[in-house]
Amino acid sequence: MGRDDCIFCRIIAGQIPCTKVYEDDAVLAFLDIGPISPGHTLVVVKPHVRHLYDGDSDVLEGLGSALGRVAGAVVEATGADGCNVLCNNGRAAGQLVDHVHFHVIPRRQDDGLFPHWPKFEYEPGQAEAIAQSIREKL
Ligand code: AMP
Ligand code: ZN
């Protein structure tokens, strides 16, 4: 069910306009209203799910095939050299709209939009300990 207090639910319900590029049973894709590059597109799952890891598998199965198709079309249509596909989860990760969506951001070589993230090196044993913690949650 859509939520009245969620902007993406309201767009999906047709109550707020968007510049739509694709729709199927699982997702609605439209241009981001505040793009970082021309063609910046949002691929939004239809159910109101806050985080990628809150939904049931059906939500993500439908999303997967649409996401690749939309990303390919965005790259081709904009003549980009590549794209970032990003899903922000939680405020710490920059999520502003609490409804699962993926950003498809067309990129050009040397566009300088944002750099690769900084790297650090694990302490001895640290990587295996983290990997084991993750495995135990799966
Ligand atoms: P995030 O930080 O991942 O939650 O990103 C939310 C994105 O939604 C931002 O890039 C906004 O520009 C975009 N956005 C917010 N409202 C609208 C809207 N009405 N139509 C299109 N994009 C929107
Ligand atoms: Zn919503």
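Just follow the structure's listing: the first ligand is 1, and inside any ligand the first atom is 1. Quick caveat, the model's predicted, so the values are computed rather than measured. Numbers here simply count residues along the sequence, with the first being 1.
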Structural part of Phe102 in contact with ligand 1, heavy atom criterion under 4.0 angstrom: neither
Stacked cation flag Arg3 on Phe8, 6.0 angstrom / 45 deg: no
Min N/O separation Ile11 to ligand 1 under 3.5 Å: no
Proximal atoms of ligand 1 relative to Phe8 (non-hydrogen, under 4.0 Å): 8 (O)
Where ligand 1 meets Leu42 - atom numbers and elements under 4.0 angstrom, heavy-atom basis: 8 (O), 13 (C), 22 (N)
Ligand 1 contact on Ile7 by region, counting heavy-atom pairs under 4.0 Å: side chain
Sub-4.0 Å heavy-atom contact, Thr19 with ligand 1: no
Which segment of Asn88 sits under 4.0 Å of ligand 1 when only heavy atoms are counted: side chain
Glu121 atom CD: more than 12 heavy-atom contacts under 6.0 Å: no
Asp81/Arg108 ion pair, N-O < 4.0 Å: no
Heteroatom of His48 nearest to the Zn ion (ligand 2) (N, O or S, atom name): ND1
Closest His99 atom to the Zn ion (ligand 2) [N, O or S only]: ND1
Within 6.0 Å of CZ in Arg69, more than 12 heavy atoms from elsewhere: no
Residues Arg107, Asp111: salt bridge by 4.0 Å N-O rule: yes
contact_flag Cys18 ligand 1 heavy-atom lt 4.0 Å: no
For atom 16 (N) of ligand 1, the option (of Ile33, Asp98, Ile36) bearing the nearest heavy atom: Ile33
